[in-house]
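As structure tokens, the structure follows; a few thoughts come after it.
Sequence lines set the chain letters: A, B, ... in the order given, protein chains first and strands last, and positions in each chain run from 1.
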Amino acid sequence: MNTTTVTIIGAGQAGLAMSRALASRSIDHLVLERGEVANSWKTERWDSLRLLTPNWMTRLPDYRYRGCDPEGYMTGAEVADFLGAYQQSFSAPVLENTEVRRVGRVGEEYVVSTSNGDLRCRAVVIATGACGTPKIPSLADALPGHINQLAPIHYRNPEQIGSGRVLVVGASASGAQIADELQRSGRDVTLAVGDHVRLPRTYRGMDIHWWMDALGLLDEKHTEMEDLNRARRLPSLQLIGSPSKRTLDLNSLSATGVELVGRFAGVAGSKAQFSGSFANQCASADLKLGRLLLAIDQYATDKGLDAEVQRPDRPQPTSVPAAATEVGLADFSTVIWATGFRPNYPWLNQDLLDHKGAIRHDGGVMEQPGMYVLGLPFTRRRKSTFLDGVGPDALELADHLHTHLNTLART
Amino acid sequence: MSIIETNAADNGVHVEALLGAREAMTAHPAAAQFRFGTTNEWVNGTHSRSTVKDFFGVGEAQTHRQTYVLDTDHPEVFASADNGPTPPEMVLVGLAGCLTAGVASVAQNRGIQLRSVKASIEGDIDLAGILGIDSDVRNGFGSITVNYEIDADASREEIEAVVAQSQKRSAVFDIITNPTTVNVSVA
């Protein structure tokens with residue numbers, strides 16, 4: 001059996017950041033990757049997707065974006081290349097095409113069983129990401145058989161989608177972007193809108209992420225949250241990264257002809273039912289956006305930036321159409337479930353998981369000594385799932401892991 | 001002696017108890033399983049009487065402080081005796097009661113003192129549905145509008161946020177806006 005000190009599962013941004021942090025501490029480790037480095041970026045992203053954060057917000061331990069377009073947004077392929085270059089920059093020890101089948105505990109050590117044999121180690125870091133397995137509601141089973149159903153990780157481009165109307169469920173970044181792209185390609189798209197976080201791409205001439213970074217909102221720590229579970233459940237930001245820096249919101253989707261309806265709530269015979277709570281979903285998102293922009297204005301004034309940035313350009317309130325609560329499904333050919341992701345760890349002991357299958361952890365430190373997780377929503381800070389945010393988590397968890405190994409060595 | 005800064009707002013909502021229950025039910029999901037019910041008996045014509053007394057929750061049988069009796073009927077314009085509100089009006093009563101309870105609770109939790117909360121609720125209904133005149137018309141309300149007049153120590157945005165949050169956490173708002181499976185049987 002092969003041995004190492006630490007096994008990292010997953011060679012995406014989280015796994016590589018942790019690898020870099022361990023290498024800096026001279027801790028022997030291996031990174032197991034089911035496919036290739038940056039696998040999901042290569043195989044589970046649609047063609048037109050770009051990062052939601054500007055290029056300058058790409059800071060990993062000892063590595064950052066140094067290209068010529070700091071204000072732009074990387075494509076999925078560019079992210080994959082970036083992560084590949086990161087791996088090569090410090091020769092991260094990645095074992096590709098190695099699937100983890102089981103993580104078991106033997107005394108104070110771990111045995112990681114893989115498709116390429118077993119690996120004995122003293123600590124395990126789970127870095128498989130937050131976007132592995134789509135969360136698809138049981139409503140999917142009630143849809144008529146003629147409807148083709150898919151999740152964003154299987155969507156590539158409009159050509160792949162048959163003719164006929166398309167229902168996109170979920171108005172976070174994925175759902176809003178895919179609805180926009182399909183409508184512009186000539187499809188008739190209906191978008192079911194639940195809880196969502198509305199943001200303009202730019203405000204007062206600056207990228208919204210520049211403001212959020214400046215205000216320190218992305219650095220908020222898990223220990224500072226009054227309701228951490230709620231913070232972890234927050235839907236992803238309704239944004240698009242594009243060269244034109246355009247804003248993607250319900251108003252812009254309406255303007256392109258997308259039919260907006262409430263949360264997808266039921267199927268009755270051949271009709272889809274949508275929640276009557278749509279107006280409140282929009283009102284809530286607008287109020288939340290208003291509070292953020294107010295905080296930004298306050299910050300600009302406090303820092304004496306008012307003369308340097310543009311004048312406040314508040315987006316229009318969401319114009320709420322008289323949304324249908326029932327829509328016949330006969331004309332629909334496709335339903336795209338942009339309803340987020342669910343935890344899926346069949347290779348972990350179930351007693352490490354909560355009743356909904358999620359890993360129990362405190363800021364990435366799992367209950368079993370020597371086990372860690374990173375890259376999940378709000379692992380240690382608001383930006384934990386960002387390419388720009390997993391680095392600080394990795395450094396802090398590497399310190400914790402280092403201390404743990406020293407404790408083991410003394411006993 | 002230490003001075004503890006307390007939340008000055010008092011809307012008569014025991015927020016600490018609610019937050020305590022939330023914590024306890026997070027740890028013990030079974031305690032969160034409640035069952036509400038009513039019994040109903042026909043009186044005469046369209047008049048019937050519902051009684052609310054017992055319910056189940058926190059793992060055991062519970063009883064209201066007293067038995068509540070609610071009559072429903074139809075108005076004279078339907079050639080009925082009008083011994084009580086119509087059942088659809090009772091639904092509006094339920095929505096109003098639920099949202100306003102939410103407004104008080106959310107405001108208290110956010111330290112907002114309420115001075116007065118008034119709501120008017122209207123539901124538009126086309127009787128072509130229940131009378132079977134037009135099969136394209138639904139039986140129930142086509143739409144419901146709720147308008148709040150709230151006097152409180154808060155900005156307009158804060159009050160709007162309280163009302164929005166109340167809808168997000170309202171049982172009856174959810175019951176009305178989302179489909180619910182209903183099974184009716186005959187003994």
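- Distance CG/A:Asn280 to OG1/B:Thr177: 9.0 Å, rounded to 0.5 Å.
- With a 6.0 Å radius and a threshold of 12 heavy atoms from other residues, nucleotides or ligands, B:Glu122 has its CD atom at or below the threshold.
- Within 6.0 Å of the CZ atom in A:Arg314, the count of heavy atoms belonging to other residues, nucleotides or ligands exceeds 12.
- Neither the backbone nor the side chain of A:Phe278 has a heavy atom closer than 4.5 Å to any heavy atom of chain B.
- The distance from the CG atom of B:Asp174 to the OG atom of A:Ser275 is 7.0 Å, given to the nearest 0.5 Å.
- Residues A:Ala265 and B:Asn178 share a closest heavy-atom pair of CB-OD1, 3.5 Å.
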Item to complete: Start with the C-alpha distance between A:Asp195 and B:Lys168, add both sets of side-chain angles, then the distance that settles side-chain contact (heavy atoms from CB on, under 4.5 Å), and finish with yes or no.
Response: CA-CA 10 Å; A:Asp195 229 359; B:Lys168 270 195 163 177; 3.1 Å; yes
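- No more than 12 heavy atoms of other residues, nucleotides or ligands sit less than 6.0 Å from atom CZ of B:Arg156.
- Around CD of B:Glu149, the count of heavy atoms belonging to other residues, nucleotides or ligands within 6.0 Å does not exceed 12.
- Among A:Leu294, A:Asp227, A:Thr325, the residue with the largest count of heavy-atom pairs under 4.5 Å with chain B is A:Asp227.
- Taking the side chain as every heavy atom from C-beta outward, A:Asp286 and B:Glu160 never approach each other to under 4.5 Å.
- Counting non-hydrogen atoms of neighbouring residues, nucleotides and ligands closer than 6.0 angstrom, the NZ atom of B:Lys53 reaches no more than 12 such neighbours.
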